[in-house]
**Student:** 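If you scroll down you'll find the structure; I have some questions about it.
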Number of protein chains: 2
Amino acid sequence: MKHSHTIGEAAATSGVSAKMIRHYEKIGLIEAADRTDAGYRLYTPADIHTLRFVRRARNLGFSVDDISELLDLWKNDTRASKDVRRVADGHLSALRSKAAEIHSMIDALEHLFENCTNDERPDCPILKDLADDANPARPKDVGHKFGFERVC
Amino acid sequence: MKHSHTIGEAAATSGVSAKMIRHYEKIGLIEAADRTDAGYRLYTPADIHTLRFVRRARNLGFSVDDISELLDLWKNDTRASKDVRRVADGHLSALRSKAAEIHSMIDALEHLFENCTNDERPDCPILKDLADDANPARPKDVGHKFGFERVC
DNA sequence: CTTGACCTTCCAATGATGGGAAGCCCTACT
DNA sequence: AGTAGGGCTTCCCATCATTGGAAGGTCAAG
């Protein structure tokens, strides 16, 4: 086991946190690492390369399921280019529709701002609009599937 | 208690699911509803109006915390317009930065597609790029805070 | 031989929502 | 009057990626 690294080193060089490396192992995204006699995980340069692949895919917003599929394709020499493309294409169109939703929210909010005095008076067109029963506030239901945990 | 409605009716007319109405009550976003002798929740038209306000704000992507603040302002006649504006402004800039991230992911993916043959051959520039140690794939770390649960 | 930095596992929380089970309530129909 | 059904109740669990912490074992240097 020459050239093996601890999880901390693997985390530092791959950009994936040690926590997440253990997590990815537990959920089966990556293979279980070899261990020292003391139980420490050991990572080869090839493992770290895989971790980098995972991080880059996450940076592009791929889900863990997508990445699992991409990893399989990556390690399979007989893969067809179009299979990879299918995964990436699905992700891309999801991104595009998410972008469209966000832009429609931005537009609606900017519209609400148009008449906002931004002063000490209690009159506020933004609240008026939210309270207006005739206004569906761009009714497209957004909710959980597209993730507004804290930022949207 | 004339003019009172069950949670199902309130859900249907407000557009907020019964599940979520109970949830909002539990987390304190809305006040606990009155109950019948049998324990059924009862909603007045004013309650339903509040629920509509909540739904519209959610449709605009406001977080529950934001909405809680907006509700307080809405029910407070001495509010200052600028306080509402502060909440909405914070949300708007969060939306804008999220939009920017998504567009950078879209751009990166579209770039990967440029040389993709989309055929049966095993050669795939998308995977090559993900595996390329020299390529940080737009290193801006995205992750949990901006929500890619299933779509990104 | 201690100290401190690292590693281990396990459990919990985030945020908004959905799903389901087990059981009570109410109305309508036989 | 009894029953079928639908709606209501509470409680727990799952999602998704990630972080945090606690309790404890290991290793290297001082």
Side-chain angles (χ1 to χ4, degrees), chain A residues 4-12 14-30 32-43 51 54-55 57-68 91 94 98 101 141-152, chain B residues 4-30 32-43 51 54-55 57-68 91 94 98 101 105 141-152:
Chain A
S4 277
H5 303 269
T6 65
I7 198 172
E9 292 162 351
S14 71
V16 181
S17 73
K19 277 275 203 217
M20 289 310 297
I21 296 176
R22 294 192 195 99
H23 178 66
Y24 289 151
E25 178 182 313
K26 185 161 46 164
I27 65 175
L29 178 65
I30 59 178
D34 287 337
R35 306 284 188 122
T36 66
D37 291 343
Y40 283 22
R41 287 176 181 79
L42 288 178
Y43 295 90
L51 288 171
V54 171
R55 178 181 57 80
R58 285 288 310 141
N59 284 349
L60 289 174
F62 284 97
S63 71
V64 166
D65 277 355
D66 284 344
I67 296 173
S68 181
H91 177 47
K98 189 174 181 100
E101 285 172 27
D141 211 338
V142 154
H144 157 258
K145 278 202 158 40
F146 294 90
F148 298 102
E149 318 74 29
R150 56 175 71 243
V151 75
C152 296
Chain B
S4 278
H5 303 269
T6 64
I7 198 171
E9 293 162 350
T13 44
S14 70
V16 181
S17 73
K19 274 274 203 221
M20 290 311 298
I21 296 176
R22 294 191 196 98
H23 177 66
Y24 289 152
E25 178 183 313
K26 186 162 45 166
I27 64 175
L29 178 64
I30 58 179
D34 287 337
R35 305 285 187 121
T36 66
D37 291 344
Y40 283 22
R41 287 175 179 79
L42 288 178
Y43 294 90
L51 287 170
V54 171
R55 178 181 56 79
R58 286 288 309 142
N59 284 348
L60 289 174
F62 284 97
S63 71
V64 166
D65 278 355
D66 285 344
I67 296 173
S68 181
H91 177 46
K98 188 173 181 100
E101 284 172 28
M105 292 191 287
D141 210 340
V142 154
H144 159 256
K145 276 200 158 42
F146 294 92
F148 298 101
E149 318 75 28
R150 57 174 69 241
V151 74
C152 297

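To find a chain, count down the sequence lines: A is the first, B the second, and so on, and within it residues start at 1. Note that the structure is a prediction, hence the values are computed from the model and not measured.
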**Student:** Which is it for A:E25 and A:R41 under the side-chain contact (heavy atoms from CB on, under 4.5 Å) test, yes or no, and what are the steps along the way?
**Tutor:** CA-CA 11 Å; A:E25 178 182 313; A:R41 287 176 181 79; 3.0 Å; yes
**Student:** May I have the distance from B:K26 (atom NZ) to D:dC12 (atom P), rounded to whole angstrom?
**Tutor:**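 For the pair B:K26 NZ and D:dC12 P, the rounded distance is 9 Å.
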**Student:** Rounded to the nearest 0.5 Å, what separation is found between the CD1 atom of B:I67 and the CG atom of B:L60?
**Tutor:**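 The CD1 atom of B:I67 sits 9.0 Å away from the CG atom of B:L60.
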**Student:** Can you tell which of C:dG18, C:dC7, D:dT9 lies closest to the side chain of B:M20?
**Tutor:**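 The nucleotide sitting nearest to the side chain is C:dG18.
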**Student:** Go through C:dC6, D:dT18, C:dA16 for me and flag the one nearest to the B:R58 side chain.
**Tutor:**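 Nearest listed nucleotide: C:dA16.
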**Student:** Pick base, sugar-phosphate or nothing for A:R41, based on heavy-atom distances below 4.0 Å to the nucleic acid.
**Tutor:**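 If one applies the 4.0 Å heavy-atom cut-off, A:R41 turns out to touch the sugar-phosphate alone, with no base involved.
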**Student:** Taking the side chain as C-beta and beyond, is there a heavy-atom pair between A:T6 and A:T36 under 4.5 Å?
**Tutor:**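 No, every pair of side-chain atoms sits at 4.5 Å or beyond.
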**Student:** Send over the distance from A:L42 CG to C:dC6 C1', rounded to a whole Å.
**Tutor:**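 Those two atoms, CG and C1', are 14 Å apart.
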**Student:** Tell me the interatomic distance from B:I67, atom CD1, to C:dG15, atom P, rounded to whole angstroms.
**Tutor:**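 These atoms are roughly 13 Å apart.
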**Student:** Rounding to an integer number of Å, can you tell me how far A:I21 CD1 sits from C:dC7 C1'?
**Tutor:**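 The answer, rounded to whole Å, is 13 Å.
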**Student:** Among C:dT8, C:dT17, D:dT19, which is the nearest nucleotide to the side chain of B:Y24?
**Tutor:**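 Nearest listed nucleotide: C:dT17.
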**Student:** Quickly work out the B:D37 CG to C:dC26 C1' distance and round it to whole Å.
**Tutor:**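 In whole Å, C:dC26 C1' lies 13 Å from B:D37 CG.
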**Student:** Rounded to the Å, how far apart are B:H23 NE2 and D:dT15 P?
**Tutor:**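 After rounding, the reported distance stands at 18 Å.
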**Student:** From the options D:dT18, D:dG25, D:dT10, select the nucleotide whose nearest atom is closest to the side chain of A:Y40.
**Tutor:**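 For the A:Y40 side chain, the nearest candidate turns out to be D:dG25.
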**Student:** Compare the minimum distances between each of C:dT9, D:dT10, D:dT19 and the side chain of A:S17, then state the nucleotide with the smallest one.
**Tutor:**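 The closest nucleotide is D:dT19.
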**Student:** What is the distance, rounded to the nearest whole Å, between atom CD1 of A:I27 and atom C1' of D:dC16?
**Tutor:**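 After rounding, the reported distance stands at 10 Å.
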**Student:** Taking atom P of D:dC16 as reference, at what distance in whole Å does atom CG of A:D66 sit?
**Tutor:**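 So the two atoms are 11 Å apart, to the nearest Å.
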**Student:** So, is B:T6 close to the D:dC8 phosphate, meaning a side-chain N or O under 4.0 Å from OP1 or OP2?
**Tutor:**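 Yes, B:T6 has a side-chain N/O under 4.0 Å of OP1/OP2 on D:dC8.
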**Student:** Pick the closest DNA chain D nucleotide for A:K19 and for A:A38 by heavy atoms, then say which residue is nearer the 5' end.
**Tutor:**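 It is A:K19 whose nearest nucleotide is closer to the 5' end.
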**Student:** Give a yes or no on whether the backbone of B:T13 and the side-chain of B:H5 come within a donor-acceptor separation of less than 3.5 Å.
**Tutor:**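 Judged by distance alone, no pair lies under 3.5 Å.
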**Student:** When rounded to the nearest 0.5 angstrom, what is the spacing between NE2 in A:H23 and CD1 in A:I30?
**Tutor:**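 Reported to 0.5 Å precision, the distance equals 10.5 Å.
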**Student:** Can you check whether B:R35 has a side-chain N or O nearer than 4.0 Å to OP1 or OP2 of D:dT10?
**Tutor:**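 For D:dT10, OP1/OP2 do have a side-chain N/O of B:R35 under 4.0 Å.
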